[in-house]
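Labels below follow one simple rule: chain letters A, B, ... track the order of the sequence lines, proteins then strands, and each chain is numbered from 1.
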Protein chains: 2
Amino acid sequence: MPQIDTKTRILDAAEHLFARDGFHSTSLRAITGQAQVNLAAVNYHFGSKDALLQAVFERRLHPLNQIRQDLLEQVLHTARQQNIRPRVIDLIGSFIEPTLAFRQSESGAQDFTTLVGRALVEPDPTVRDCFIKLVTPLFLQLSAALQLALPQIPAEILQARLQFTLGAMGHTMCTLGRPPLELPGILPPLPAEKIAELLINYVSSGLEAPC
Amino acid sequence: MPQIDTKTRILDAAEHLFARDGFHSTSLRAITGQAQVNLAAVNYHFGSKDALLQAVFERRLHPLNQIRQDLLEQVLHTARQQNIRPRVIDLIGSFIEPTLAFRQSESGAQDFTTLVGRALVEPDPTVRDCFIKLVTPLFLQLSAALQLALPQIPAEILQARLQFTLGAMGHTMCTLGRPPLELPGILPPLPAEKIAELLINYVSSGLEAPC
DNA sequence: ACAAAATTAAAACGATCGTTTTAAATGAGC
DNA sequence: GCTCATTTAAAACGATCGTTTTAATTTTGT
């Protein structure tokens, strides 16, 4: 048995390359080359390139979403106990902060963050549907919780604002790893924790805006 | 001479397919097939697939950005005359509203909107760099104008918030054309004008949020 | 009308892709 | 130690890609 499992080496390489170059621009030969395994190993262990992508998503997303869901329910529980409405900033925080913590803990998590950010606007159904399926339950819970926190805002407006929020979060996740825009007069990027704090503040303000 | 110019037919088909399937997932054969021109016509008229993409961007973006820039300068001019700070909502509006008007005027503009939304988070440098180059000048102007409108907000924070704004706008442009998320309990999508109004309100609130 | 330039048409090239096949090597169970 | 299932290795397959080449056709200038 080699140092690291073959399946794991493939997953790590795929995660990195999918995030850096995109799903379709990454060949199985590039993945197996970086993972130092045989080309056929992908189809043997995962069945197909599509199935590999799903495995890449699931490996990280299942534990991460579990944490987010626990945090979300904790926020809702506390609010119920105190008989107050949950705060938007806490609800959004329960979604964003585990992402940041996860990002800083595991190696390769940075790549995954980028990958998830892309998946939100991915044109290809292969990638998009695979990802959407995994985040839909949590997304619905967050949506319902926000409705609870902001009862004065009509549902269809809140739904639109949630879409804006998804866009801001996804784009931020994408660009956290790389230089934001190579522009003249651009300031040095802030550390990830500061960005996350600013993002929570930004989207909370947008979600709570008077109609 | 056929009804419509060959170059135009290629541009129309490419715009539609790039927006629907993405740049790399669209083959020149699919484009020339839909445009009903010969395969070699793309390389003859544009030189390469990459150059075709750039032509697709430029055709729409040059006139659109001109309108946005005129509107932006008009807002700044009015503010100077009245000796007041420009309003964030007007600055953002000068960016978003021409997009909406353009989207509803020309046929194929809807596809282009989607295409631009994608380009913001595109992993491939071919697509990304080509697009970024065309919007950088206007983006810098908008950034400077916002700094003027919000002098109390530190530049690096405003820069981060502008990134969030770009993400929200890009994602919204992407999803305007298609069903937002195929979820249970999802509400019917609002009309584009209403979405644009909500978006302006949302990002203005986020940009102006107290630190 | 004719020569030259521009455009379109058809076919082929070389490269790369995901996948499959076939064979060799490795491991566990008895 | 032998058997059998698992895993890895190497090679090839068929398909599709962007691009180029060569020839036919149309348009333009005079």
Could you tell me whether the phosphate oxygens of [N], OP1 or OP2, come under 4.0 Å of any side-chain nitrogen or oxygen in [X]?
X       : N      : answer
B/Thr6  : C/dT8  : yes
B/Ser27 : D/dC17 : yes
A/His45 : D/dT8  : yes

Can you list every pair that meets ring pair (Phe, Tyr, Trp, His ring centres under 6.0 Å) and has a residue in residues 36-78 of chain B, with sequence neighbours left out? B/Phe57-B/Phe131
Can a donor-acceptor pair be found, under 3.5 Å and without considering hydrogens, that links the side chain of B/Ser204 to the backbone of B/Asn201?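 A pair under 3.5 Å: no.
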Are the side chain of B/Lys49 and the backbone of B/Thr26 linked by a donor-acceptor contact shorter than 3.5 Å?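 Yes, B/Lys49 side chain to B/Thr26 backbone: donor-acceptor pair under 3.5 Å.
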[atom1] of [X] versus [atom2] of [N]: gap in Å, rounded?
X       : N      : atom1 : atom2 : value
B/Phe46 : D/dT19 : CZ    : P     : 13 Å
A/Arg29 : D/dA11 : CZ    : P     : 13 Å
A/Lys49 : C/dT20 : NZ    : C1'   : 17 Å
A/Asn38 : C/dT21 : CG    : C1'   : 13 Å
B/Leu17 : D/dG18 : CG    : P     : 12 Å
A/Ile31 : C/dT19 : CD1   : C1'   : 14 Å
B/Asn43 : D/dC17 : CG    : P     : 14 Å
B/Leu28 : D/dT19 : CG    : P     : 6 Å

Take A/Val42 and B/Ala40, find for each the nucleotide of DNA chain C with the closest heavy atom, and name the residue whose nucleotide sits nearer the 5' end. B/Ala40
What contact category does B/Thr32 fall into here, base, sugar-phosphate, or nothing, at under 4.0 angstrom with non-hydrogen atoms? nothing
Counting any heavy atom closer than 4.0 Å, what does B/Ser25 reach on the DNA or RNA strands: base, sugar-phosphate only, or nothing? nothing
Hey, is B/Arg60 close enough to B/Glu15 for a salt bridge, meaning N to O under 4.0 Å? yes
Output, in order, the C-alpha distance, side-chain angles, deciding distance and verdict of side-chain contact (heavy atoms from CB on, under 4.5 Å) for B/Phe95 and B/Leu138. CA-CA 9 Å; B/Phe95 202 89; B/Leu138 185 64; 3.6 Å; yes
Between B/His24 and A/Leu39, who's closer to the 5' end of DNA chain D by nearest nucleotide?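 Its nearest nucleotide being more 5', the pick is A/Leu39.
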Between B/Gly47 and A/Gln36, the residue closer to the 5' end of DNA chain D by nearest nucleotide is A/Gln36
Using Watson-Crick or G-U wobble pairs with both distances under 3.5 Å, give me DNA chain D in dot-bracket, 5' to 3', with [ ] for crossers and | for pairs to another strand. ||||||||||||||||||||||||||||||
Polar contact flag, side-chain donor to acceptor under 3.5 angstrom, A/Gln159-A/Gln163: no
Would you find more than 12 non-hydrogen atoms of other residues, nucleotides or ligands less than 6.0 Å from B/Arg59 atom CZ? yes
